Structures are given as C-alpha cells and as structure tokens.
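Written below as structure tokens is the structure these notes are about.
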Amino acid sequence: MAKVAFIGLGVMGYPMAGHLAAKGHEVNVYNRTNTKAEAWVQEHGGKSATTPRVASEGAEIVFCCVGNDDDLRSVVLGDDGIFAGMSADTILVDHTTASADVARELDAIAREKSIHFIDAPVSGGQAGAENGVLTVMCGGEQAAFDRIKPVADCFSRAVTLMGPVGSGQLTKMVNQIAIAGLVQGLSEAMNFGQKANLDMGKVIDVISKGAAGSWQMENRGSTMCQGEFKFGFAVDWMRKDLGICFEESKRNGARLPVTHLVDQFYAQVQGRGGNRWDTSSLVHLLQND
C-alpha cells in the first residue's frame with residue numbers, strides 16, 4: 001500500500017480519493033474549502049491538511065484534480081504548493097483537464113526538483129468516478145507510469161500511457177472533440193424522433209444495438225427526451241475543455257468546423273441559464289425553439 005495525497009475534492013476528486021482509501025492506501029487530502037476535506041475524512045478516514053504542501057509531505061504519489069490551468073498552478077507552485085512538499089523521486093499525477101502547455105511547464109519545473117510528473121486527464125464523468133471505472137489517459141515516462149498505474153487502477157477501468165508529457169491532455173482533447181459532435185447528432189436524432197411521434201424508448205432500444213449506438217445514447221438518450229439535465233458533466237466545463245482544444249488546433253493546424261459550431265450551441269445553452277446542465281442539454285435548444 002502506498003502513502004498518497006489527493007488535492008482537490010470536487011465531484012471527481014472526492015470519490016476518486018475515496019476509492020484509494022477503500023483499497024487500503026494511506027490518503028492525505030486537501031481541498032480549498034476545508035469543510036469538504038473534513039467531510040471526506042469523516043467518511044473515508046485518512047487525514048486532511050491545511051495546504052497542498054502539508055498534504056504532499058511524505059507522499060510517494062500525489063494526485064491532483066482541480067478546475068483549469070490557473071487552478072493547477074495555484075495548488076502546485078509557491079511556498080504552500082504541492083512541489084514544496086514533495087521529495088525527490090516522488091510522482092505528481094495531475095487528473096485536471098488542462099492544456100498540454102501547462103503539463104509541459106510543470107514537468108520542466110518538476111525535473112529541476114527531481115520529481116516525476118504525469119498528466120492524466122480522465123473520462124467517464126461523475127458516475128465513472130463514483131463507480132471506480134474511469135478511463136485515464138497519461139503522458140509521462142514509462143518508469144513513473146509503471147509505479148502509479150497499480151494505484152490509479154483503484155478508480156479506473158483503463159489506465160494507459162499515451163506518450164511523453166502532454167500526450168494525456170492531447171488525448172483528452174480528441175475525446176472532447178469526438179463527444180461534442182456526437183452529442184449534437186444525438187440531440188438532433190432524439191428531437192426528430194419526438195417530432196415524428198415515435199415511441200422513443202423503443203427507438204433507443206432498437207438503434208442502440210446497431211451502428212448508431214454509443215455510450216451517450218445508452219446513458220443520455222432517454223433523459224434527453226425527458227428534458228433532464230441535472231447530472232453528469234456541466235456545460236461550463238465542456239466549454240472550458242473545447243477552448244483548450246481550439247487553442248491547440250491553432251498550433252497544430254487541425255480544422256474543427258463542427259466543434260466550433262457545437263461550442264456556439266453550448267454558449268446558447270449558457271444563455272438560457274444552463275451553465276450547470278449536463279452536456280446532453282444541447283437537445284434543449286431544439287426542443288424549445
């Protein structure tokens with residue numbers, strides 16, 4: 001069993017850290033809102049810390065899951081940051097969906113301190129975190145990856161090294177681009193079926209078994225038809241992720257015409273007060289126009 005720290009106890013980090021404790025690892029946690037860290041300790045054991053530095057002291061592996069690039073820098077760098085508490089030859093695993101640039105930036109700083117860095121964004125949403133079946137896309141060195149994989153397996157069904165630092169974040173961008181187009185297509189299909197007065201339960205049951213089938217259809221098709229968007233991955237976070245994709249596409253020259261269009265639709269959802277709605281809320285625009 002490893003001595004680990006987990007920084008950031010949001011909708012993803014809270015259950016992820018819980019799985020580590022449940023599997024017998026010694027877990028120290030830190031959260032910006034300390035009451036949530038205290039609640040986690042009451043539920044799972046372990047210890048809470050007053051700063052990321054204190055949480056990271058003595059840890060073999062530090063896991064981190066916060067909001068964006070700036071949030072990541074704020075908990076990693078500085079006198080009270082993660083790096084200040086870590087020892088040589090320990091590993092920081094960042095599960096934040098962030099830019100490949102910040103991953104490379106933090107890796108360079110880590111190397112100066114003889115610390116290993118792995119960017120490891122996840123896919124699977126809140127349900128995947130709660131059920132311990134996340135997909136983890138990693139960028140880093142093989143030796144460090146081999147050390148963290150058995151521990152990350154506690155909350156994952158697949159943990160894969162994609163290449164050097166930054167590769168995990170780039171893979172997550174591919175994931176988000178694919179989801180954006182898929183959800184818009186599914187929204188149009190569900191709305192069309194409803195307008196045609198079809199029994200959408202039967203429709204989903206039939207077509208989900210064929211070429212149109214997808215995780216989104218099986219898990220969101222029915223709720224989209226019912227106008228339920230109170231779960232899963234929020235529109236605000238999806239737009240944040242797509243913004244990262246657009247910045248990267250400017251550098252690598254990839255064209256993202258459909259993704260740009262879907263991002264505009266998500267902006268309209270935000271305009272209707274749907275900032276915290278699930279990403280499947282794209283169908284709301286079609287159902288209510």
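Quick caveat: nothing in here was measured; it's all calculated off a predicted structure.
Within a 6.0 Å radius of CG in D199, other residues, nucleotides and ligands contribute more than 12 heavy atoms. Around atom CZ of R73, more than 12 heavy atoms belonging to other residues, nucleotides or ligands sit under 6.0 Å away. Surrounding CZ of R157 are at most 12 heavy atoms belonging to other residues, nucleotides or ligands under 6.0 Å away. Counting heavy-atom neighbours within 6.0 Å of R255 CZ, excluding the residue itself, gives a total of 12 or less. Annotation for Q142: atom CD counts as buried by contact number, over 12 foreign heavy atoms lying within 6.0 Å.
Contact annotation: the side chain of V62 never approaches that of I91 to less than 4.5 Å [non-hydrogen atoms, C-beta and beyond]. For the pair K172 and I244, the minimum side-chain heavy-atom distance is 4.5 Å or more. You'll find the side chain of T96 stays beyond 4.5 Å of the side chain of D71, heavy atoms only. Under the 4.5 Å side-chain criterion, counting only non-hydrogen atoms from C-beta, W277 is not in contact with Q270. Two residues are said to be in side-chain contact when any heavy atoms from C-beta on lie closer than 4.5 Å; R251 and D101 meet this criterion. Two residues are said to be in side-chain contact when any heavy atoms from C-beta on lie closer than 4.5 Å; L134 and S123 fail this criterion. No side-chain heavy atom of I109 sits under 4.5 Å from any side-chain heavy atom of F117. Between I118 and E141 the shortest side-chain heavy-atom distance does not fall below 4.5 Å.
R53 places a side-chain N or O within donor-acceptor distance of the main-chain N or O of D79, the cut-off being under 3.5 Å. A donor-acceptor pair is defined here as one N or O able to donate and one able to accept, closer than 3.5 Å; no such pair exists between the side chain of T33 and the backbone of K36. Between the side chain of S156 and the backbone N or O of V159, no donor-acceptor pair lies under 3.5 Å. At distances below 3.5 Å, at least one donor-acceptor pair connects side-chain atoms of K240 with backbone N or O atoms of T97. In terms of modelled atom types and a separation under 3.5 Å, the side chain of N288 and the main chain of H284 share a donor-acceptor contact. Judged by distance alone, with hydrogens and angles left aside, the side-chain atoms of T51 form a donor-acceptor pair with the main-chain N or O of V54 at under 3.5 Å. In this structure a side-chain-to-backbone donor-acceptor pair under 3.5 Å is present from N131 to A127. A donor-acceptor pair is defined here as one N or O able to donate and one able to accept, closer than 3.5 Å; no such pair exists between the side chain of N28 and the backbone of S48. Proximity of a side-chain donor or acceptor of Y30 to a complementary backbone N or O of G8 within less than 3.5 Å is not detected. In this structure, H25 contributes its side chain and L20 its backbone to no donor-acceptor pair below 3.5 Å.
In summary, the side chains of Q126 and E130 do present a donor paired with an acceptor at a separation below 3.5 Å, with no hydrogens or angles considered. Counting only N and O atoms by type, the side chains of Q169 and D119 include no donor and acceptor under 3.5 Å apart. Between the side chains of E248 and N252, not a single donor N or O lies within less than 3.5 Å of an accepting N or O. Counting only N and O atoms by type, the side chains of Q264 and Q268 include no donor and acceptor under 3.5 Å apart.
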Under the side-chain contact (heavy atoms from CB on, under 4.5 Å) criterion, do T223 and F229 qualify, and how do the steps go?
CA-CA 7 Å; T223 54; F229 315 118; over 6 Å; no

List the steps, then state whether side-chain contact (heavy atoms from CB on, under 4.5 Å) holds for L242 with T259.
CA-CA 8 Å; L242 294 181; T259 310; 3.8 Å; yes

Is there a side-chain hydrogen bond (donor to acceptor under 3.5 Å, both in side chains) between Q42 and E38 once you walk through the steps?
CA-CA 6 Å; Q42 287 294 317; E38 292 174 349; over 6 Å; no

Under the criterion salt bridge (charged side-chain N to carboxylate O under 4.0 Å, His left out), I'd like the reasoning laid out for D89 against K113: C-alpha separation, chi angles, the key distance, then a yes or no.
CA-CA 9 Å; D89 201 36; K113 301 176 179 292; over 6 Å; no

Begin from the C-alpha positions of D278 and R220 and carry the test salt bridge (charged side-chain N to carboxylate O under 4.0 Å, His left out) through to its verdict.
CA-CA 9 Å; D278 179 72; R220 298 289 181 263; 3.4 Å; yes

Taking it one step at a time, do V75 and I7 satisfy side-chain contact (heavy atoms from CB on, under 4.5 Å)?
CA-CA 8 Å; V75 297; I7 312 301; 4.2 Å; yes

M200 and M190: side-chain contact (heavy atoms from CB on, under 4.5 Å), yes or no, with the steps?
CA-CA 8 Å; M200 293 309 295; M190 295 299 99; 3.8 Å; yes

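Here CD of E228 is found 9.0 Å from OG of S222. Values are rounded to the nearest 0.5 Å. Here the straight-line distance linking atom OG1 of T279 with atom CD of Q176 works out to 8.5 Å at 0.5 Å rounding. With rounding to the nearest 0.5 angstrom, the NZ atom of K209 is 11.0 Å from the CE atom of M217. Distance check, rounded to the nearest 0.5 Å: CE of M238 to CG of L282 gives 8.0 Å. Summarising the geometry, atom CD belonging to Q287 is positioned 10.0 Å from atom OG belonging to S281; distances are rounded to the nearest 0.5 Å. Here CH2 of W237 is found 6.0 Å from CG of N68. Values are rounded to the nearest 0.5 Å.
The two residues C138 and F145 make their nearest non-hydrogen contact at SG-CE1, 3.9 Å. What you find for S187 and V283 is that their closest heavy atoms are OG-N, 3.3 Å. Taking all atoms of both residues into account, the shortest heavy-atom contact from G58 to K3 is O-CD, 3.3 Å. Scanning both residues, I61 and I148, for their nearest heavy atoms gives CD1-CG2, 3.9 Å. Between C65 and F6, the closest heavy-atom pair is CB-CE2, 4.0 Å. Summarising the geometry of A5 relative to S56, their closest heavy-atom pair is CB-CA, 4.1 Å, with the distance given to 0.1 Å.
Note on V4: it clusters hydrophobically with V29, by side-chain heavy-atom contacts below 4.5 Å among ILVMFWY residues. In the hydrophobic clustering of ILVMFWY residues, with side-chain heavy atoms under 4.5 Å counting as a link, L186 and V203 come out together. One hydrophobic cluster, built from ILVMFWY side chains closer than 4.5 Å, holds both L198 and M224. In this structure, F265 is a member of the same hydrophobic cluster as F233, with clusters built from ILVMFWY side-chain heavy atoms closer than 4.5 Å. V183 and I204 fall within a single hydrophobic cluster, where Ile, Leu, Val, Met, Phe, Trp and Tyr side chains are chained together by heavy-atom contacts under 4.5 Å.
Checking I177, D241, L256 one by one against F246, the side-chain contact (heavy atoms from CB on, under 4.5 Å) holds for a single residue, L256.
Among pairs with a residue in residues 147-202, those fulfilling ring pair (Phe, Tyr, Trp, His ring centres under 6.0 Å) read F63-F155, H95-F155, at least two apart in sequence or across chains.
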